[in-house]
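To find a chain, count down the sequence lines: A is the first, B the second, and so on, and within it residues start at 1.
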There are 2 protein chains.
Amino acid sequence: MSHIPVGIRQTQKRKTRQALLDAALELLEGQSLSSLGLREVTRAVGIAPTAFYRHFRSTADLGVALVEEALGSLHEMIGTTLAATGDSDERIARTVDLIAVHVGTHAAHVRFIARERHGGVQPVRAAIGEQLDRFAEEVAVELAAHPESKGWSEDDMVMLARLYVDHMVMTASAFLDAEPGNEERVASLARRQMRLVSLGRRHWLD
Amino acid sequence: MSHIPVGIRQTQKRKTRQALLDAALELLEGQSLSSLGLREVTRAVGIAPTAFYRHFRSTADLGVALVEEALGSLHEMIGTTLAATGDSDERIARTVDLIAVHVGTHAAHVRFIARERHGGVQPVRAAIGEQLDRFAEEVAVELAAHPESKGWSEDDMVMLARLYVDHMVMTASAFLDAEPGNEERVASLARRQMRLVSLGRRHWLD
DNA sequence: CAGTTGTGTCAACAAGCGTTCACCGAAACT
DNA sequence: AGTTTCGGTGAACGCTTGTTGACACAACTG
């Protein structure tokens with residue numbers, strides 16, 4: 001009947017691999033990737049250190065895999081964010097709320113991206129940079145579809161998209177650092193900053 | 001005659017301490033603070049590992065000292081930046097140039113701040129956050145002096161200041177990551193983003 | 001000049017690291 | 001059924017790590 005199993009072996013491998021990723025992500029809440037030890041991760045999972053090599057070449061390699069996982073979960077968000085209806089202020093409020101929710105449900109992922117974006121491991125930095133570029137591209141395409149973008153050059157479109165993306169990352173990281181109870185202050189700040197950018201956008205061609 | 005020396009001892013200590021800071025800063029170009037070893041630093045300076053404790057309690061402590069050094073050198077810049085004359089576009093261009101120059105002359109400091117701002121060492125993160133807050137405060141005060149800020153609430157003033165400060169850090173880090181020859185692209189992007197923010201600022205009270 | 005202070009040294013420690021190799025046993029293939 | 005494939009094991013390697021205590025010797029203090 002159920003002929004989807006793809007083999008018990010591959011399933012088990014995926015499970016162990018995921019356990020390694022999960023354990024690493026948790027360990028990374030208190031340190032940077034460049035100080036994360038291979039033995040540390042395997043110990044947390046409960047397997048022998050040597051088994052690590054069956055899944056990743058090094059901790060840097062594991063880091064790159066984490067980038068995919070973390071920013072993959074963000075790609076979904078972008079669609080819903082920009083598809084939000086209503087006037088400008090409403091859309092801004094909804095976007096900020098979405099960021100807050102995402103930080104709540106994927107805190108470790110967000111922390112990892114913010115931390116390693118400028119972190120000490122080159123391949124991981126490169127992977128994050130690449131993903132954020134693609135991210136900005138998507139945003140630019142969505143923005144171009146809006147009627148307010150009439151007359152904008154493609155270069156300026158990307159300029160604005162980058163500003164939005166960087167501001168999103170900034171805001172997400174601010175939510176992370178906010179002590180419980182101060183989230184609304186962060187949200188208010190982020191909303192007003194986005195509103196200011198929106199105003200600039202409206203008068204760009206004056 | 002020259003009775004300024006404050007003692008040869010204190011002078012020597014300062015020199016060794018500075019050597020430790022310099023060596024650490026250089027080592028940190030290729031890794032994060034949380035993976036920086038005490039022995040690694042002393043080895044680079046050429047002193048015994050135990051001598052480290054005469055100057056710092058731990059590498060985290062050294063990191064905090066580096067924050068003071070790195071952001072101290074930035075405090076000078078803020079004055080000259082905002083005191084820049086000319087119209088808006090001219091001031092923006094001058095600001096971006098100043099950032100580019102600063103990144104050129106203090107690359108390691110900028111890298112350190114960008115990397116450890118969200119890094120894995122809590123006390124250092126806190127120190128950077130505190131300094132950037134004070135930084136934003138200063139910018140807010142300067143902005144309030146401008147005539148364009150008539151009618152702005154203090155809260156909104158800080159909101160704008162934070163946007164500027166975060167954008168400066170973002171731009172500085174972008175200059176760092178730019179491969180040689182692409183600096184002008186980064187500068188152009190930064191200028192247009194600042195121009196857009198300025199536009200928003202002008203229409204904030206509409 | 002005698003006594004104190006303090007930066008730096010040396011040796012030693014237990015513990016951790018990444019990486020290697022040969023090996024096991026169950027799953028997958030033919 | 002016989003063979004190959006492969007995720008996981010366990011021991012061992014050479015090296016690095018943070019921290020300790022006792023000691024040297026130049027710089028300060030009175």
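Atom CZ in Arg57(A) sits roughly 16 Å away from atom C1' in dT20(C) (whole-Å rounding). One can place CG of Leu36(B) at 16 Å from P of dT16(D), the figure rounded to the nearest angstrom. Protein atom CZ of Arg54(B) is 11 Å distant from nucleotide atom C1' of dC23(D), rounded to whole Å. To the nearest angstrom, C1' of dG7(D) lies 13 Å from CD1 of Ile8(A). Rounded to whole Å, atom C1' of dA26(D) lies 11 Å from atom CD of Gln12(B). Between the OH atom of Tyr53(A) and the C1' atom of dC17(C) there is a distance of 10 Å, rounded to whole Å. Atom CZ of Arg14(B) and atom P of dT7(C) are 12 Å apart (whole Å). Rounded to an integer number of Å, the gap from NZ of Lys15(B) to P of dA26(D) is 17 Å.
Residue Arg43(B) is in sugar-phosphate contact alone, with no base atom involved, counting any heavy-atom pair closer than 4.0 Å across all strands shown. Nucleic acid contact for Ser58(A): none, since no nucleic acid atom lies under 4.0 Å from a heavy atom of the residue.
Proximity note for Thr50(B) (side chain, C-beta onward) versus dT20(D), dT19(D), dG8(C): the nearest is dT20(D). Listed nucleotides dG18(C), dT17(D), dG8(D) differ in distance to Glu40(B); the shortest reach to its side chain belongs to dT17(D). Side-chain proximity of Ala51(A) to the nucleotides dT9(C), dC28(D), dT9(D) is greatest for dT9(D). When distances run from any side-chain atom of Arg9(A) to the nucleotides dG18(D), dT9(D), dA27(C), the shortest one goes to dA27(C). The side chain of His55(A) lies closest to dG7(D) when the candidates are dT19(C), dG7(D), dG8(C).
A salt bridge does not link Arg134(A) to Glu130(A): none of the charged nitrogens lies less than 4.0 Å from a carboxylate oxygen. By the 4.0 Å N-to-carboxylate-O rule, Asp166(B) lies close enough to Arg117(B) to be salt-bridged with it. Note on Asp89(A) versus Arg191(A): no salt bridge recorded, every NZ/NE/NH1/NH2 to OD/OE distance being 4.0 Å or above.
Within 6.0 Å of atom CD in Glu26(B), 12 or fewer heavy atoms from other residues, nucleotides or ligands are found, so the atom counts as exposed in its surroundings.
For Arg39(A) against dG16(C), a side-chain-to-base donor-acceptor contact under 3.5 Å is absent.
Smallest separation of non-hydrogen atoms from Asp61(B) and Phe56(B): OD2-CA, 3.7 Å.
Along DNA chain D, the nucleotide nearest Lys13(A) and the nucleotide nearest Leu38(B) are compared for position; the residue whose nucleotide lies closer to the 5' end is Lys13(A).
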